[in-house]
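This report concerns only the one structure given below.
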Amino acid sequence: MATNKTNMGIGRAVGMAYRAPEGTALPATPGETLAADWVEIGAVSEDGITWATGKDAEPLKNWAKRIVRVISSDESGSVQVPFIDTTEDTLKTIFGVDNVTVTPADSTHGKVVSVTVAPGVSAAPAAYLFLMKDGDDLLMLGTTSGTITELDDLSFAPTDAITWNATIESDAWTFAKDDGQTV
């Protein structure tokens with residue numbers, strides 16, 4: 001199959017969103033086998049992820065109204081991701097590994113995963129990776145140090161998945177595309 005010049009951000013059928021300890025190296029290519037540190041977070045809704053690059057600049061003009069310099073913003077970026085799985089790994093990603101309690105199943109209940117949401121309860125910075133596939137093209141977006149800074153309101157409705165809309169901010173994101181055309 002030929003490579004596409006115009007890509008769609010389609011999540012891979014299996015494994016699309018991952019987290020690892022902060023500082024974990026991103027794969028060199030989108031198709032590379034991931035190191036054992038990478039944990040699959042859970043499914044992303046059909047809305048996909050949104051990357052706000054943070055790439056912004058302010059022109060500095062002289063008295064003659066000519067641009068003499070461009071002043072860059074802080075250039076941090078964010079990814080908004082709607083997780084539709086409610087699993088131990090999803091909750092550990094959003095609220096922090098140390099803030100999630102797992103009670104094993106016994107004769108009276110199944111495995112119980114719980115988190116107490118309170119001021120100061122948050123996840124530590126982590127590495128994040130999102131993998132996509134469009135035909136032969138493989139794409140990835142990731143950071144070695146991102147922080148979940150926002151979680152939208154949750155809706156518990158009989159006709160919709162519980163969706164954990166998280167915002168992950170980072171000073172540096174890496175995007176890569178592998179066209180799949182080996183030689």
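Two different hydrophobic clusters hold V115 and V112 under the rule that ILVMFWY side chains link at heavy-atom gaps under 4.5 Å. Using a 4.5 Å cut-off between side-chain heavy atoms of Ile, Leu, Val, Met, Phe, Trp and Tyr, with links allowed through other members, V97 and I41 fall into different hydrophobic clusters. L26 and L34 fall within a single hydrophobic cluster, where Ile, Leu, Val, Met, Phe, Trp and Tyr side chains are chained together by heavy-atom contacts under 4.5 Å. The cluster map of Ile, Leu, Val, Met, Phe, Trp and Tyr, joined by side-chain heavy atoms under 4.5 Å apart, puts I49 and I148 in the same cluster.
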**Request:** Decide yes or no on side-chain contact (heavy atoms from CB on, under 4.5 Å) for L151 and F95, but give the supporting numbers first.
**Result:** CA-CA 10 Å; L151 183 64; F95 297 105; 3.8 Å; yes

**Intermediate values then yes/no, side-chain contact (heavy atoms from CB on, under 4.5 Å), T93 and Y128** = CA-CA 10 Å; T93 298; Y128 292 95; 3.7 Å; yes

**Request:** Just do the side-chain contact (heavy atoms from CB on, under 4.5 Å) check on E40 and R19 with the steps written out, would you?
**Result:** CA-CA 7 Å; E40 190 171 348; R19 89 162 186 284; over 6 Å; no

**Request:** Tell me, with the steps shown, if T87 and T90 meet side chain to side chain donor-acceptor pair (under 3.5 Å).
**Result:** CA-CA 5 Å; T87 66; T90 307; 2.9 Å; yes

**Message:** Applying side chain to side chain donor-acceptor pair (under 3.5 Å) to S145 and E22, what does each step give before you reach the verdict?
**Reply:** CA-CA 5 Å; S145 181; E22 183 180 30; 2.5 Å; yes

**Test log, rule side-chain contact (heavy atoms from CB on, under 4.5 Å), inputs D137 and K177** = CA-CA 7 Å; D137 296 350; K177 174 185 172 178; 3.4 Å; yes

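Counting only N and O atoms by type, the side chains of E169 and S78 include no donor and acceptor under 3.5 Å apart. A donor atom on one side chain and an acceptor atom on the other are not found under 3.5 Å apart for T163 and N165.
Side-chain atoms of K92 do not come within 3.5 Å of backbone N or O of I94 as any donor-acceptor pair. Judged purely by atom type and a 3.5 angstrom limit, T143 uses its side chain to pair as donor or acceptor with the backbone of A172. Here the side chain of N99 pairs a donor or acceptor atom with the backbone of S122 at under 3.5 angstrom.
Between V113 and the options D89, V100, T86, a side-chain contact (heavy atoms from CB on, under 4.5 Å) holds for only V100.
From L141, atom CG reaches atom CH2 of W51 across 5.5 Å, with rounding to the nearest 0.5 Å. Note that the CG atom of D37 and the OG1 atom of T24 stand 4.5 Å from one another [nearest 0.5 Å]. For the atom pair NZ (K133) and CG (L138), the distance works out to 5.0 Å, reported to the nearest 0.5 Å.
Between F175 and L139 there is a side-chain heavy-atom pair separated by less than 4.5 Å. Between L131 and Y18 the shortest side-chain heavy-atom distance falls below 4.5 Å. Within the 4.5 Å cutoff, no side-chain heavy atoms of W164 are placed close to those of I84. Counting only heavy atoms from C-beta outward, the side chains of P27 and L129 approach each other to under 4.5 Å.
The shortest non-hydrogen separation linking V81 to V44 is CG2-CG2, 3.8 Å. The two residues G48 and P82 have their closest heavy-atom pair at O-CD, 3.2 Å. Scanning both residues, A166 and F83, for their nearest heavy atoms gives CB-CE1, 4.4 Å. The heavy-atom pair separating I168 from W173 by the smallest distance is O-CZ2, 3.5 Å. The shortest heavy-atom contact between A126 and A20 is CB-O, 3.3 Å.
The number of heavy atoms from other shown groups lying within 6.0 Å of CG (D98) does not exceed 12.
Taking the side chain to side chain contact (heavy atoms under 4.5 Å, CB included) definition, one finds that A176 meets it with P30, M140, sequence neighbours left out. Residues passing the salt bridge (Lys or Arg N to Asp or Glu O under 4.0 Å) test with K111, sequence neighbours excluded: E88.
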